[in-house]
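Let me begin by presenting the structure, written as structure tokens, before commenting on it.
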Amino acid sequence: MYIVMLGAPGTGKGTIGKILSQDMNLKHLSTGDIFREQISNQTELGKKAEGYMKQGLLVPDDVTMGMIKARLSEDDVADGAILDGFARTAVQAKALSEFLTEKRPNQSQIAIELNVPDDVIVKRLAGRLTCSNKSCGAIYNLETRPPKEKGICDICGSKLVKRDDDNEETVRKRLVVYHQNSQELLDFYKGNNTLYSVCPKNLDEAVNNIKEHLKGSN
Ligand code: AMP
């Protein structure tokens, strides 16, 4: 099963995606994480993505599609994956659907939308901290999910860092970009009857709600 997590930045796609990934034994693939890793390794792909990311803009579809198709062709995701931050445009969604239908015809495709008001998101992202250890990547929030020890990851003990693009100005820009693309994107998944929307009030409620839905989709 391939699960496409949809929603504005800060709606919990990463946190919820990682919980589902552990429960369902599916790889969690975040296009944002892949780009950040490419940037820190200063690869050609990273160089292409960096300027867009700093400004809160989307990396062009052709660059993003090439990257995700290569990743989804690997064996460790042959039985499915949780896609976090991909697709973000209708063009990407359509290309992904066609690619998976051809390459993994026996696997189902489901889209989950997390719907959270913008003012809640802005507040949430201002307090977001991420584990600097890339193989952990745990996500915290100073208000709602603080680490036990200040600045230190509960899980692996690495330093917690604030992402470059988690400042209010860039967050607002990312929200504008999300809303510019979201209607067409959601319409695509509504159109093929694979969209399930939740308005998560808290993490546990969202996870349980989604799991119930996924049980019925197997
Ligand atoms: P995220 O970690 O999902 O919030 O993504 C951080 C940034 O990476 C976004 O603001 C974009 O610049 C870029 N990015 C991630 N996923 C995509 C995508 N599917 N299409 C285009 N750009 C993306």
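First listed ligand is number 1; within each ligand, the first listed atom is number 1. Keep in mind the model is a prediction, meaning the values are calculated, not measured. The residues of the chain are indexed from 1 along the displayed sequence.
- With contacts defined as side-chain heavy-atom distances shorter than 4.5 Å, the pair L114/I210 qualifies.
- Heavy-atom neighbours of D187 CG from other residues, nucleotides or ligands within 6.0 Å: above the threshold of 12.
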Starting from the N and O atoms of ligand 1, find every protein N or O within less than 3.5 Å and list the pair with its distance.
unit_1   : atom_1 : unit_2 : atom_2 : d
ligand 1 : 2 (O)  : R36    : NH1    : 3.1
ligand 1 : 2 (O)  : R36    : NH2    : 2.9
ligand 1 : 2 (O)  : R163   : NH1    : 3.1
ligand 1 : 2 (O)  : R163   : NH2    : 3.2
ligand 1 : 3 (O)  : R88    : NH1    : 3.1
ligand 1 : 3 (O)  : R88    : NH2    : 3.1
ligand 1 : 4 (O)  : R88    : NH2    : 3.3
ligand 1 : 4 (O)  : R163   : NH2    : 3.1
ligand 1 : 4 (O)  : R174   : NH2    : 3.4
ligand 1 : 5 (O)  : R88    : NH2    : 3.4
ligand 1 : 12 (O) : L57    : O      : 2.6
ligand 1 : 16 (N) : T31    : OG1    : 2.8
ligand 1 : 16 (N) : G85    : O      : 3.3
ligand 1 : 16 (N) : R88    : NH1    : 2.9
ligand 1 : 19 (N) : G85    : O      : 2.9
ligand 1 : 19 (N) : Q92    : OE1    : 3.0
ligand 1 : 20 (N) : Q92    : NE2    : 2.9
ligand 1 : 22 (N) : V59    : N      : 3.0

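- The backbone N or O of A93 lies less than 3.5 Å from no partner atom in the side chain of S97, so there is not a single donor-acceptor pair.
- A donor-acceptor pair is defined here as one N or O able to donate and one able to accept, closer than 3.5 Å; no such pair exists between the side chain of N209 and the backbone of E205.
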Evaluate side-chain contact (heavy atoms from CB on, under 4.5 Å) for D84 paired with D33, printing each intermediate quantity in order. CA-CA 9 Å; D84 162 9; D33 283 350; 5.7 Å; no
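- Counting only distance, with no hydrogens or angles, the side chain of N115 and the backbone of S197 share no donor-acceptor pair below 3.5 Å.
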